[in-house]
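Since the model is a prediction, treat every value here as computed from it, not as a measurement.
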Protein chains: 2
Amino acid sequence: MNVALTTRIKCRDCPIRHRAVCSRCDDDEMALLEAMKTYRVYRAGDPILWRGEKLTFVASVVHGVATLGKSLEDGRTQMVGLLLPSDFIGRPGRRHIDFDVVAATDVTLCCFDRKPFELLIETMPHIAQRLAEIALDELDSARDWMVLLGRKTAREKIASFIEMLVRRQGIVSLDGSTPDLALPLTRDEIANYLGLTLETVSRHLSSMKSEGILRFTDRRHFEVSDFDALHAATGDDTA
Amino acid sequence: MNVALTTRIKCRDCPIRHRAVCSRCDDDEMALLEAMKTYRVYRAGDPILWRGEKLTFVASVVHGVATLGKSLEDGRTQMVGLLLPSDFIGRPGRRHIDFDVVAATDVTLCCFDRKPFELLIETMPHIAQRLAEIALDELDSARDWMVLLGRKTAREKIASFIEMLVRRQGIVSLDGSTPDLALPLTRDEIANYLGLTLETVSRHLSSMKSEGILRFTDRRHFEVSDFDALHAATGDDTA
DNA sequence: CGCCGGTTTGACATACTTCAAGAGAAGTGG
DNA sequence: CCACTTCTCTTGAAGTATGTCAAACCGGCG
C-alpha cells in the first residue's frame, strides 16, 4: 500500500499552522487536535481518494500538490481543483466522496477520522468558523475558474493559467520579465485543468514562445519575457 | 430605487427557516436574528449587487431566483451560480463583492449588515456551522458545473440543465414522463449559464423536441416525455 | 395594426479536436 | 556507453461542433 506513516510534526511547528482548518484554534484546542491527528503520505501519481469511495477521514494538505477531478462516463476528465498546502480535503457530513483525489507530487496529509471531526465541528466553534472561510474562498476561485472554462478561448485559458503560476510563485521585475519558473504539471494535466486537449495546449505554448511572450529553458521550465503581453492575452480586465 | 421594504415575516413562519444560514439556531438565537434582519425586495431584472461594489450586507434568498455572474473585458459573460431560496449571498470578511448579482425573477432577500453578521459568526457557533455546510455544498455543485463547462458537448450541457430542472421541481412518473415544467430562464440566460450561445441552445432544444425527448407547450413551458433518453444524453454515468 | 423582444432557422466561418507521425528526453539493461 | 524502450511533447492534416452573421417568425402590447 502507498500509505505510510511519517514522522509526526508538532502542531506548533506545522508549516500550515496559520492557514489550515485549525488556524483559529488556541493552545488547548490544539492539544486536542494533536492527539487526534494522523499523517498519511502518498507518492506522486498515487490515488488518494476515489469517487464513490467511503469517506473515512478528512484531511489538510501539509506538503505537496494533489488534484481534484471528475470523469464522465466515456473517460473524459476535468480537473476541478488543485489542492495545495493548507487546503482541505473531504466533506464533513457526507459518507462518500464525489471526486477523485490524486497526488500530483509527493503529498503529506494531516488526517482526522470523519466522525470525530464532525463532533469537533459541533463543539469547537473555531473549526467551523475557519472551515466556512476556507470553503467560501474556494468557492470564489471555483467560480473564477468557471468563467475561464465557459467563456475563454484556448489562448486566454493558457495565458490565465501561466499568469496564475507567476502570481503564485514568481516575481515580475520592472521590465516585465520573471525568473525561471517551474511548470508543475504535464501538458496533459494542464489540458485537463483548462478543458482542452494536450495538443491545443502545446500549440498555444509554442505560439506564445514564438511571439516572445514566453521563453522555455526546458520543457518544464520557462520564464515570462513580457508580462504585460501575457496579461493582455488573458482576456481579464486590468484588475 | 428598486429596493423596498416588505411585510416582515416572523422567523418561525419563514419559508426557508429549515435550510438557510439560520437553520441550526435555537429560539433564543432566532429572537436575536429577528431583531437584526431587514428585508429587501427587487423586481425581475434589477441588479442586486455589482462587481466591485462595497459589500454592506449579506443575505439569504427568501423568494425568487437571482443569478450570480461575471464578465470578461469585452463583454462575454458567464453565469456561475443560480441563487435559489435559502441560498446565501455575500462573503463575510470581504469588503467588496467580486460578482454581479441580478434578480432573475422578483426576489426577496433577508439581509444582515455585514459587520454585525461577522460578529455573529464569532459568537454564535450555529451560524458558522451552517454557513460551512452551505458553502461546502455550493462548492460541490460548482465543481460539477466545472465538469459540464469544461468537458461536455452542447447537447450534454443542455440535457444536464433540463435534468437539473426536473430533479428540482418535478416528478418523473413510471413511464419516464413529467408534468408541465417551467423554464425559469430565457434562451439567452440558459446559454449564459451553459457557456454557449443562444442559437446553439435553441437548436439543441429543437432537436431534442423532434427526437421526442421533450415537448413544448409554449416557449417557457415543457414536459419531458422520455426521461431515460434525457439522462442518457447528459453524459453522466448512471448514478 | 405595427412594433418589439425573444426565438427559430439557415448559411458560412473558424477554433478546437481528432488522428497520425515523428522528435527529444529520460530511463533501463546489456 | 550504447541500443532500446517508453513517455512526453511537437507538428501536421483533416474533420466537426459550435460560433457568427443574418433573416424571418411569433406572441404580446401599445
Contacts of A/Phe222 meeting ring pair (Phe, Tyr, Trp, His ring centres under 6.0 Å) (sequence neighbours excluded), chain-then-number -> none
For residues 44-83 of chain A, the ring-ring contact (aromatic ring centres under 6.0 Å, His included) pairs (sequence neighbours left out) are none
Those residues at least two apart in sequence (or on a different chain) that pass salt bridge (Lys or Arg N to Asp or Glu O under 4.0 Å) with B/Asp100 are none
Applying salt bridge (Lys or Arg N to Asp or Glu O under 4.0 Å) to B/Glu73 and not counting sequence neighbours gives none
Output for pair (A/Arg219 CZ, A/Leu183 CG), nearest 0.5 Å, gives 12.0 Å
Ordered by number, residues from residues 146-162 of chain B within less than 4.0 Å of DNA chain D (heavy atoms) are B/Thr153, B/Ala154
Those residues at least two apart in sequence (or on a different chain) that pass ring pair (Phe, Tyr, Trp, His ring centres under 6.0 Å) with A/Phe88 are A/Phe117
A/Phe216 CZ to D/dC9 C1', in whole Å, measures 11 Å
Donor-acceptor contacts, no H, no angles, side chain residues 199-206 of chain A, under 3.5 Å, sequence neighbours left out:
from	atom 1	to	atom 2	distance (Å)
A/Thr200	OG1	A/Thr197	OG1	2.9
A/Ser206	OG	A/Ser202	O	3.0

Contact span of DNA chain C against chain B, any nucleotide atom under 4.0 Å from a heavy atom, 5' to 3', runs C/dG6 to C/dA11
Pair B/Arg94 + A/Asp140, salt bridge at N-O below 4.0 Å
yes
Under a 4.0 Å heavy-atom cutoff, the residues of residues 178-187 of chain A touching DNA chain D are A/Thr186, A/Arg187
*NA contact type, B/Arg76, heavy-atom cut-off 4.0 Å: base, sugar-phosphate, or nothing?*
nothing
By ring pair (Phe, Tyr, Trp, His ring centres under 6.0 Å), B/Phe99 pairs with (sequence neighbours left out) none
*asked:* I'd like to know if the side chain of B/Ser173 pairs up with that of B/Asp175 as donor and acceptor (distance under 3.5 Å, no hydrogens or angles considered).
replied: yes
Ordered by number, residues from residues 191-209 of chain B within less than 4.0 Å of DNA chain C (heavy atoms) are B/Glu199, B/Ser202, B/Arg203, B/Ser206
Residues at least two apart in sequence or cross-chain that pass side chain to side chain contact (heavy atoms under 4.5 Å, CB included) with B/Ala103, listed by chain then number, are B/Tyr42, B/Ile48, B/Val107
Between the OG1 atom in A/Thr153 and the CZ atom in A/Arg151, the distance rounded to the nearest 0.5 Å is 12.5 Å
Practice prompt. Give a yes or no on whether a salt bridge exists between A/Lys152 and A/Asp236, defined as a side-chain N under 4.0 angstrom from a carboxylate O.
Written response: yes
